[in-house]
**Student:** 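Let me give you the structure first, and then I'll get to my questions.
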Amino acid sequence: MSDPGAVHAVLTDLRAEGDELDLIVGGLSGERWALATPAARWTVAHQIAHLAWTDRAALLAVTDPDAFAAEVEKALAAPERFVDDGAEEGAALAPAELLRRWREGRARLREALLAVPPGGRFPWYGPPMSAPAMATARLMETWAHGQDVADALGVVRPPTARLRHVAWIGHRARDYAYLVRGERPPAEPVRVELLAPDGGSWTFGPEDAAQRVTGTALDFCLLVTQRVHRADTALRAEGADAEHWLGIAQAFAGPAGAGRAPRGDAR
């Protein structure tokens, strides 16, 4: 077993996040699977297909690194297309089959992560991952793509304590957001202070850091997953480095995301 306490805690939340999204899409008619989401050219089906595709990639990384290396080569050969291609392939399936594959993939990945040896690490599109880190990354993606689905369907999802995982990985990925854009990460740390959904406080980074970000956990999580434009949040930055980071923040692996246009932008 791999760090049983840490892995079980995150996987419990990951399963809850997946189940919540499953309740939203499980009974959709075929027409509603084809609804456009805020992600350009992606329907509800594309969003679920992407989650199923990424779960499969994660399962390969954990159980068959050589096969995963072949998938990385494909990604390097088409860095601007490989994510969309995977979503397109899955979105072409009948909704029932897509749901079956997504559900089966979630369950198989959970079992694989529980079986990772203590301290075990495996490759990924970004830095190598541990089992708890991969579970956290999958929760972050499930929540983010679930937000796109909810927006497309007009569903309001109350924020939950599971957002702490998203906020944690958003803060931890700060340097990656710079590196993936060819920029040098600042040496000075940043303090993030967030208002949690239950009214409590979540903090990341040194208490005495001069660079600071404050606001709600929901705003921060929407921003680092690039589900909202910086201008459409109430996040506050103190310091030039903190302000710049909020403009490029990225919690997910892979190429730099394009982000979302401001809500007032008609493009």
**Student:** Enumerate the residue pairs fulfilling ring pair (Phe, Tyr, Trp, His ring centres under 6.0 Å) with a member in residues 63-96, sequence neighbours excluded, ordered by first and then second residue.
**Tutor:** Trp53-Phe82, Phe68-Trp124, Phe68-Tyr125, Phe82-Tyr125

**Student:** Might you point out which heavy atoms bring Leu246 and Ala237 nearest each other, and give the distance in Å?
**Tutor:**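 The answer is CD1-CB, 3.9 Å.
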
**Student:** Does Arg227 form a side-chain contact (heavy atoms from CB on, under 4.5 Å) with Asp151? I'd like the steps, not just the answer.
**Tutor:** CA-CA 10 Å; Arg227 261 54 194 178; Asp151 287 344; 5.9 Å; no

**Student:** Is there a donor-acceptor pair under 3.5 Å between the side chain of Asp219 and the backbone N or O of Ala234?
**Tutor:**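 Yes, the answer is positive, given that a donor and an acceptor are paired below the 3.5 Å cut-off.
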
**Student:** If every non-hydrogen atom of Arg162 is compared with every non-hydrogen atom of Asp13, which pair is closest and at what distance?
**Tutor:**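 For Arg162 and Asp13, the tightest heavy-atom pair comes out as CD-O, 3.3 Å.
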
**Student:** Show the nearest heavy-atom pair for residues Arg230 and Leu235, with the distance to one decimal.
**Tutor:** NH1-O, 3.0 Å

**Student:** Can you see whether Arg260 engages Gln226 through a side-chain donor-acceptor pair at a distance of less than 3.5 angstrom?
**Tutor:**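 No, Gln226 and Arg260 have no side-chain donor paired with an acceptor closer than 3.5 Å.
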
**Student:** For atom CZ of Arg236, is the number of surrounding heavy atoms from other residues, nucleotides or ligands below 6.0 Å larger than 12?
**Tutor:** no

**Student:** More than 12 heavy atoms of other residues, nucleotides or ligands under 6.0 Å from CD of Glu89: is that the case?
**Tutor:**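 Result for CD/Glu89: open.
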
**Student:** Can Leu153 be reached from Trp102 by stepping across I, L, V, M, F, W or Y side chains whose heavy atoms are under 4.5 Å apart?
**Tutor:** yes

**Student:** Roughly how far apart are Gln211 CD and His244 NE2, rounded to 0.5 Å?
**Tutor:**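 Here the interatomic distance stands at 11.5 Å.
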
**Student:** Does the pair His229 and Leu223 meet the rule for a side-chain contact (heavy atoms from CB on, under 4.5 Å), with working shown?
**Tutor:** CA-CA 7 Å; His229 190 275; Leu223 186 70; over 6 Å; no

**Student:** Same cluster for Leu99 and Leu35 if Ile/Leu/Val/Met/Phe/Trp/Tyr side chains link at under 4.5 Å?
**Tutor:**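 Leu99 and Leu35: one cluster.
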
**Student:** State, yes or no, whether a side-chain contact exists between Glu243 and Glu238 at a heavy-atom distance under 4.5 Å.
**Tutor:** no

**Student:** Does Val224 belong to the same Ile/Leu/Val/Met/Phe/Trp/Tyr cluster as Val180, with side-chain heavy atoms less than 4.5 Å apart forming each link?
**Tutor:**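 No.
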
**Student:** Can you list, by chain and residue number, the hydrophobic cluster partners of Val156 when the side-chain cut-off is 4.5 Å?
**Tutor:**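 None, because no other hydrophobic side chain comes under 4.5 Å of this residue.
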
**Student:** Measuring from Thr233:OG1 to Leu218:CG, what's the distance to the nearest 0.5 Å?
**Tutor:** 10.5 Å

**Student:** Looking at Arg101 and Glu104, is any side-chain nitrogen of the basic one under 4.0 Å from a carboxylate oxygen of the acidic one?
**Tutor:** no

**Student:** With heavy-atom distances below 4.5 Å as the criterion, would you say the side chains of Arg106 and Asp19 are in contact?
**Tutor:**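 Yes, at least one pair of side-chain atoms sits under 4.5 Å.
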
**Student:** Looking at Ala131 and Val7, what are the two nearest heavy atoms and their distance?
**Tutor:** CB-CG2, 4.0 Å

**Student:** Please table the atom pairs, donor to acceptor, closer than 3.5 Å between any side-chain atom in residues 189-196 and protein atoms at least two apart or in another chain.
**Tutor:**
unit_1	atom_1	unit_2	atom_2	d
Arg191	NE	Glu193	OE2	3.2
Arg191	NH1	Gly205	O	2.7
Glu193	OE2	Arg212	NH2	2.5

**Student:** Could you give the side-chain donor-acceptor pairs of residues 55-66 under 3.5 Å, partners two or more places apart or in another chain?
**Tutor:**
unit_1	atom_1	unit_2	atom_2	d
Asp55	OD1	Arg138	NE	2.8
Asp55	OD1	Arg138	NH2	3.0
Thr63	OG1	Leu59	O	2.7
Asp64	OD1	Ala67	N	3.2

**Student:** For the pair Thr142 and Glu17, evaluate side-chain hydrogen bond (donor to acceptor under 3.5 Å, both in side chains) and give the outcome as yes or no after the intermediate values.
**Tutor:** CA-CA 7 Å; Thr142 303; Glu17 197 66 44; over 6 Å; no

**Student:** In this structure, are over 12 heavy atoms from other groups packed under 6.0 Å from Arg172 atom CZ?
**Tutor:**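 No, because the 6.0 Å sphere around CZ of Arg172 holds 12 heavy atoms or fewer from other groups.
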
**Student:** Would a distance-only check, ignoring hydrogens and angles, find a side-chain to backbone donor-acceptor pair under 3.5 Å from Arg174 to Gly170?
**Tutor:** no

**Student:** Going only through I, L, V, M, F, W and Y residues with side-chain contacts under 4.5 Å, is there a path from Trp143 to Phe220?
**Tutor:** yes

**Student:** Do Thr160 and Pro197 touch side chain to side chain, with heavy atoms closer than 4.5 Å?
**Tutor:**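 Side chain of Thr160 against side chain of Pro197, heavy atoms only: no contact under 4.5 Å found.
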
**Student:** Please report the shortest heavy-atom distance between Ala144 and Thr225, naming the atom on each side.
**Tutor:**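 Closest heavy-atom pair between Ala144 and Thr225: CB-CB, 3.8 Å.
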
**Student:** Kindly state each residue pair satisfying ring pair (Phe, Tyr, Trp, His ring centres under 6.0 Å) with at least one member in residues 190-215, sequence neighbours excluded.
**Tutor:**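 Every pair satisfying ring pair (Phe, Tyr, Trp, His ring centres under 6.0 Å) with a residue in residues 190-215: His171-Phe204.
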
**Student:** What are the two closest heavy atoms between Ala36 and Ala152, and how far apart are they?
**Tutor:** O-CB, 3.3 Å

**Student:** If I take atom CG from residue Asp175 and atom CH2 from residue Trp245, how far apart are they, to the nearest 0.5 angstrom?
**Tutor:**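 CH2 of Trp245 is found 10.0 Å from CG of Asp175.
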
**Student:** Sort and list the pairs that fulfil ring pair (Phe, Tyr, Trp, His ring centres under 6.0 Å) and have at least one residue in residues 146-166, not counting sequence neighbours.
**Tutor:** none

**Student:** If you measure from the Lys or Arg side-chain nitrogens to the Asp or Glu carboxylate oxygens, is any gap between Glu111 and Arg108 under 4.0 Å?
**Tutor:** no

**Student:** Could you tell me if Asp84 and Trp42 have a donor-acceptor pair between their side chains, going purely by distance under 3.5 Å?
**Tutor:**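 Yes, Asp84 and Trp42 have a side-chain donor paired with an acceptor closer than 3.5 Å.
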
**Student:** Is there a side-chain contact (heavy atoms from CB on, under 4.5 Å) between Gln250 and Phe252 once you walk through the steps?
**Tutor:** CA-CA 6 Å; Gln250 174 173 329; Phe252 49 88; 3.4 Å; yes

**Student:** Are Ile48 and Leu23 linked, directly or through intermediate hydrophobic residues, by side-chain heavy-atom contacts shorter than 4.5 Å (ILVMFWY only)?
**Tutor:**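 No, because Leu23 and Ile48 fall into different hydrophobic clusters, even though each may have its own neighbours under 4.5 Å.
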
**Student:** Got a second to check how far Met134's CE is from Arg121's CZ, nearest 0.5 Å?
**Tutor:** 10.5 Å

